Protein chains: 2
Amino acid sequence: MPAKPRHAQMDCSPGCPVEATLSLIGGKWKGLVLYHLMDGTLRFNELRRRLPNVTQRMLTNQLRELEADGLISRTIFAQVPPRVDYALTERGRSLRTVILALKEWGEEHAAA
Amino acid sequence: MPAKPRHAQMDCSPGCPVEATLSLIGGKWKGLVLYHLMDGTLRFNELRRRLPNVTQRMLTNQLRELEADGLISRTIFAQVPPRVDYALTERGRSLRTVILALKEWGEEHAAA
DNA sequence: ATCGACGGTATCCTTTTCGACACTATGTGC
DNA sequence: GCACATAGTGTCGAAAAGGATACCGTCGAT
């Protein structure tokens, strides 16, 4: 399983929670995914359209990891054509302030 | 140069600033370094002692990247033994709210 | 009969990241 | 003469992350 042993060993002491949080949202496109899901539930291809530079495989990966971390939920409808909805969980929603802080800082300090 | 082409192409549109910010603080130990420097200026080995799991080479790398991004300053004193001080720049200090948001979320949602 | 939409997998390959380890220079204290 | 502290640098290699491409099954519309 190619999960994220990124900061797996949380033996870092004081500032550790900082890294713990980063390890959850630090994946290459996770910030973006979470940001878009803050608008509400989206289907797989709706996300794809919003993130044109992400390959299908990467998007699937990131979504799976976010799901494994309990930040988003994945709801499958037994239909044809298939339909899968992605939405923030309660835990994911609690990241709102963090994501917004990142966004605001980025907007104000766009420096070259 | 092995810098951070991480989110180099900032062609992501709406949530882009989120990724932009993450690309600056998303390095493996950058969050920690910034967090500790919020306490005030630190010398190289003082940082090392606070981050026991970081190899010297990695610490140097992260510091160099943070400096290149204008988040920290590096002051060399022509002494022997050598002395180098690291401190947050104005720009680095402006990250305070972001770092604290990360830390607080991490503390509250430590979940297994 | 073929095409497209949907939500993926599977496979392969390249790039990036990270860690281990060794090595450097200089001056001081023993 | 030796070790120690300081703040690094260099090289190597493993592992992880990321990207490209091709493929799958089903249904409705053409």
Side-chain angles (χ1 to χ4, degrees), chain A residues 1-12 19 22-33 37 41-69 72-87, chain B residues 1-9 11-12 19 22-33 37 41-68 72-87:
Chain A
M1 59 221 73
K4 32 97 227 170
R6 171 86 178 277
H7 302 104
Q9 75 299 358
M10 292 300 179
D11 47 358
C12 34
E19 289 297 306
L22 280 174
S23 77
L24 294 184
I25 64 179
K28 183 143 183 196
W29 304 102
K30 289 186 187 172
L32 254 338
V33 170
L37 286 180
T41 299
L42 290 173
R43 306 179 49 166
F44 186 79
N45 275 354
E46 287 174 329
L47 272 169
R48 268 192 61 166
R49 278 187 283 271
R50 284 169 182 240
L51 284 60
N53 304 315
V54 188
T55 64
Q56 195 165 33
R57 197 179 79 88
M58 274 311 293
L59 184 53
T60 310
N61 275 355
Q62 303 290 292
L63 289 169
R64 290 292 191 281
E65 292 188 16
L66 288 169
E67 190 195 2
D69 289 331
I72 65 174
S73 64
R74 181 160 173 273
T75 313
I76 305 164
F77 296 84
Q79 301 179 352
V80 83
R83 172 178 169 189
V84 181
D85 280 1
Y86 290 96
Chain B
M1 59 221 70
K4 32 96 228 167
R6 171 85 180 277
H7 303 104
Q9 74 299 359
D11 46 358
C12 32
E19 290 297 305
L22 279 173
S23 77
L24 294 184
I25 65 179
K28 181 144 182 197
W29 304 101
K30 289 186 187 172
L32 255 337
V33 170
L37 285 180
T41 299
L42 290 172
R43 303 180 51 169
F44 186 79
N45 275 355
E46 288 175 330
L47 272 169
R48 270 191 63 172
R49 279 187 283 270
R50 285 171 182 238
L51 285 61
N53 305 314
V54 189
T55 63
Q56 195 165 31
R57 199 178 77 85
M58 273 310 293
L59 183 54
T60 311
N61 275 355
Q62 304 289 293
L63 288 169
R64 289 293 191 283
E65 292 187 15
L66 289 169
E67 190 194 2
I72 65 175
S73 64
R74 181 161 171 272
T75 312
I76 305 163
F77 296 85
Q79 301 179 354
V80 84
R83 173 177 169 189
V84 180
D85 280 3
Y86 290 95

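Below, all heavy atoms of this structure are taken into account, side chains as well, without hydrogens, waters or symmetry copies. Quick caveat, the model's predicted, so the values are computed rather than measured. Naming: A, B, ... by sequence-line order, numbering from 1 per chain.
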- Interatomic distance, F77(B) CZ vs dG27(C) C1' [rounded to whole Å]: 18 Å
- Message: With a 4.5 Å cut-off on side-chain heavy atoms, are R43(A) and N45(A) touching?
- Response: no
- Do L63(A) and E67(A) have side-chain heavy atoms sitting under 4.5 Å apart? no
- Message: I need a per-nucleotide contact map over nucleotides 1-11 of chain D, read 5' to 3'. Cutoff is protein heavy atoms under 4.0 Å; write B for the base, S for backbone only, - otherwise.
- Response: -----BBBBBB
- May I have the distance from N53(A) (atom CG) to dG18(D) (atom P), rounded to whole angstrom? 14 Å
Would you give me the side-chain donor-acceptor pairs under 3.5 Å for residues 78-86 of chain A, sequence neighbours excluded?
{"from": "R83(A)", "atom 1": "NE", "to": "D85(A)", "atom 2": "OD1", "distance (Å)": "3.2"}
{"from": "R83(A)", "atom 1": "NH2", "to": "D85(A)", "atom 2": "OD2", "distance (Å)": "3.0"}
{"from": "Y86(A)", "atom 1": "OH", "to": "R74(A)", "atom 2": "NE", "distance (Å)": "3.0"}

- Could you tell me which non-hydrogen atom of L66(B) sits nearest to which non-hydrogen atom of K30(B), and how far apart they are? CD2-CD, 3.7 Å
- W29(B) side-chain N/O to dT17(C) phosphate OP1/OP2 under 4.0 Å: no
- Item | For atom CG of L32(B) and atom P of dC18(C), their distance in whole Å | 13 Å
- Item | Distance, rounded to the nearest Å, where Q62(A) contributes CD and dA16(D) contributes P | 16 Å
- Item | Value in whole Å for how far the C1' atom of dG27(C) lies from CD of Q79(B) | 12 Å
- Quick one: K30(B) NZ to dT16(C) C1', roughly how many Å, whole number? 13 Å
- Here the distance between atom P of dT17(C) and atom CE of M58(B), to the nearest Å, is 9 Å
- Item | Between NZ on residue K28(B) and CG on residue N61(B), distance to nearest 0.5 Å | 13.0 Å
- Task: Rounded to the nearest angstrom, tell me the gap between atom CG in N61(B) and atom P in dG19(C).
- Result: 11 Å
- Message: Less than 4.0 angstrom between a side-chain N/O of K28(A) and OP1 or OP2 of dG19(D), yes or no?
- Response: yes
- Tell me, please, which residues at least two apart from R48(B) pass salt bridge (Lys or Arg N to Asp or Glu O under 4.0 Å). none
